[in-house]
Asks: 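My questions all concern the structure below.
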Amino acid sequence: MSKIQMTTPLVEMDGDEMTRILWSMIKEELLEPFVDLKTEYYDLGLECRNDTNDQITIDSANAARKYGVAVKCATITPNAARMDEYHLKEMWKSPNGTIRAMLDGTVFRAPILVKGIEPCVKNWKKPITIARHAYGDVYKAAELKIPDAGKVELVYTAENGTETRELIHNFTGAGIVQGQHNLNGSIESFARSCFTYALDVKQDLWFATKDTISKKYDHSFKDIFQEIFDAEYKESFGKAGITYFYTLIDDAVARVMKSEGGYIWACKNYDGDVMSDMISSAFGSLAMMTSVLVSPDGCYEYEAAHGTVQRHYYKHLNGEETSTNSVATIFAWSGALRKRGELDANEELASFADKLEEACIKTIEEGKMTKDLALITTNPNPTVLNSREFILAIRKSLEEML
């Protein structure tokens with residue numbers, strides 16, 4: 001069979017640890033035998049980020065903006081232990097945070113539903129999509145350790161030199177302080193992305209913050225969403241038969257647990273980070289969650305919603321067998337290939353992406369799966385496969401479909 005041709009490259013962002021191992025297997029077994037893969041490659045592994053003073057991350061984000069479609073492997077966000085382990089020059093920031101800030105997009109995360117992997121919440125019947133703001137908050141915060149008694153203030157200095165001050169706290173001893181920010185323009189982009197996505201998929205949209213406590217910061221999010229909805233989207237939502245409503249984050253959590261799913265839940269940056277992991281885990285597995293960053297100017301960056309699977313990587317380095325779930329990483333590739341196909345009017349490439357996803361689901365529903373899924377499946381006789389065996393089983397299903 002001749003390989004499917006690509007007319008425009010997509011941006012490939014390689015990553016770290018066990019997901020980097022899976023990345024190579026996926027390309028070798030599921031992509032390159034079937035597609036004449038064209039990518040502009042960036043190594044976002046921690047060593048390369050360190051060697052380039054993180055310039056490689058900035059370059060990859062600019063490339064994503066240029067080509068419109070990117071696919072990203074999971075990467076390490078270093079802490080103090082990683083500083084020592086990798087002999088880093090400094091504690092480099094999260095690549096995801098850098099890329100999201102540069103593209104100013106919204107992250108949409110949704111669970112991958114498979115028969116035999118039932119949600120922990122028994123009344124969830126439909127996927128719940130998390131729409132996560134991708135700029136600011138704690139991810140761009142400034143922090144200080146306060147050594148002793150003293151006063152901490154927020155200070156805004158206007159361009160004309162005038163100052164506005166707000167007392168944070170009079171410290172009587174040691175403590176800590178954090179200052180975070182956001183941009184009205186970014187919040188507006190976030191709101192429009194959420195409303196547009198809801199119209200595209202014909203699903204209700206929820207938005208939640210804690211405006212009763214955060215009367216300026218969180219309340220600004222609430223107000224901006226409502227103003228844009230009323231001015232630009234209210235009529236379209238009515239015609240589509242879908243609704244938008246705002247509630248407090250704690251009320252949203254309670255409502256989610258009692259719902260049947262089938263809607264988009266928009267969250268601020270940190271809330272979305274936490275809630276997407278809760279949603280993915282409750283639907284079955286962190287490795288069964290799609291994630292795509294959509295920028296206001298139509299750039300798409302696909303990735304798995306989980307981390308680098310550090311524990312499995314250490315086992316792999318010791319020569320031990322691992323059974324690591326690669327589905328979310330495969331779906332990152334399929335999402336990017338489908339979008340590349342759509343943008344280039346390449347129906348063959350988009351169709352291949354659909355079949356690749358179908359092959360993943362078919363393999364699991366036939367009872368062939370990794371250990372994390374075997375532990376929770378309702379399938380009475382699952383076959384537990386190691387990391388490579390699982391990918392090879394998917395390849396066999398894919399070849400049958402093609």
Side-chain angles (χ1 to χ4, degrees), residues 6-16 19-20 23 26-27 31 35 37-46 48-49 52-77 92-110 131-136 139-140 183 185-186 189-190 192-194 196-197 200 269 272-273 276 289-308 328-346 349-350 353:
M6 291 177 62
T7 54
T8 311
L10 54 81
V11 177
E12 177 185 352
M13 305 172 182
D14 209 343
D16 288 300
T19 44
R20 187 182 182 96
W23 194 262
I26 290 164
K27 289 177 64 179
L31 303 177
V35 178
L37 200 60
K38 289 184 172 63
T39 72
E40 187 165 300
Y41 178 86
Y42 294 85
D43 185 353
L44 299 193
L46 192 48
C48 189
R49 280 183 274 147
T52 63
N53 297 321
D54 210 29
Q55 183 62 41
I56 191 77
T57 306
I58 295 167
D59 292 344
S60 72
N62 285 326
R65 188 180 288 119
K66 174 183 176 182
Y67 288 104
V69 182
V71 58
K72 181 182 172 296
C73 184
T75 46
I76 295 168
T77 299
W92 304 110
K93 293 182 179 180
S94 159
N96 288 344
T98 298
I99 294 166
R100 288 167 190 160
M102 289 182 63
L103 299 182
D104 188 25
T106 299
V107 178
F108 294 94
R109 288 181 171 172
R132 174 186 172 188
H133 190 208
Y135 179 83
Y139 301 88
K140 298 286 284 185
L183 307 173
S186 182
S189 294
F190 174 41
R192 290 189 175 95
S193 294
C194 292
T196 300
Y197 191 85
D200 286 345
N269 208 346
D273 192 1
S276 65
M289 189 83 162
T290 64
S291 182
V292 56
L293 173 71
V294 183
S295 75
D297 56 354
C299 178
Y300 298 80
E301 184 244 310
Y302 295 82
E303 61 180 332
H306 59 73
T308 60
T329 305
I330 295 169
F331 270 62
W333 273 104
S334 62
L337 291 171
R338 181 187 299 107
K339 181 55 65 176
R340 182 77 278 161
E342 289 172 0
L343 295 177
D344 293 350
N346 186 339
L349 185 62

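Keep in mind that what you see is a predicted model, and the values were worked out from it rather than measured.
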Asks: Could you list the residues that satisfy side-chain contact (heavy atoms from CB on, under 4.5 Å) with Ala61, not counting sequence neighbours?
Replies: Ile99, Met102

Asks: Which pair of non-hydrogen atoms, one from Leu103 and one from Ala64, has the smallest distance, and what is that distance?
Replies: CD1-CB, 4.4 Å

Asks: Using modelled atom types only, decide if a donor and an acceptor are shared between the side chain of Thr19 and the backbone of Asp16 within a distance under 3.5 Å.
Replies: yes

Asks: Under the side-chain hydrogen bond (donor to acceptor under 3.5 Å, both in side chains) test against Ser276, which residue among His306, Arg109, Arg132 passes?
Replies: Arg109

Asks: If you count every heavy atom of other residues, nucleotides or ligands that lies below 6.0 Å from Lys93 atom NZ, does the total exceed 12?
Replies: no

Asks: Not counting sequence neighbours, which residues clear salt bridge (charged side-chain N to carboxylate O under 4.0 Å, His left out) with Lys140? List them please.
Replies: none

Asks: With side chain to side chain donor-acceptor pair (under 3.5 Å) as the criterion, how do Asp297 and Ser295 come out once you've worked through the C-alpha distance, each side chain's angles and the decisive distance to 0.1 Å?
Replies: CA-CA 5 Å; Asp297 56 354; Ser295 75; 2.3 Å; yes

Asks: Taking it one step at a time, do Asn96 and Lys72 satisfy side chain to side chain contact (heavy atoms under 4.5 Å, CB included)?
Replies: CA-CA 9 Å; Asn96 288 344; Lys72 181 182 172 296; 2.8 Å; yes

Asks: Looking only at atom types and distance, does a side-chain atom of Asn269 sit under 3.5 Å from a main-chain N or O of Gly136, one as donor and one as acceptor?
Replies: yes

Asks: Once the angle between the rings of Phe190 and His133 is folded into 0 to 90°, is it parallel (under 30°), tilted (30 to 60°) or perpendicular (over 60°)?
Replies: parallel

Asks: Decide yes or no for Tyr197 and Thr106: does some side-chain heavy atom of the first lie under 4.5 Å from some side-chain heavy atom of the second?
Replies: no

Asks: If you define the side chain from C-beta out and look only at heavy atoms, does anything of Thr290 sit under 4.5 Å from Val292?
Replies: no

Asks: Using the side-chain contact (heavy atoms from CB on, under 4.5 Å) criterion, which residues pair with Thr52? Sequence neighbours excluded.
Replies: Cys48, Gln55, Ile56

Asks: With a 4.5 Å cut-off on side-chain heavy atoms, are Arg49 and Thr75 touching?
Replies: yes

Asks: So do Trp23 and Val71 actually touch side chain to side chain, heavy atoms under 4.5 Å?
Replies: yes

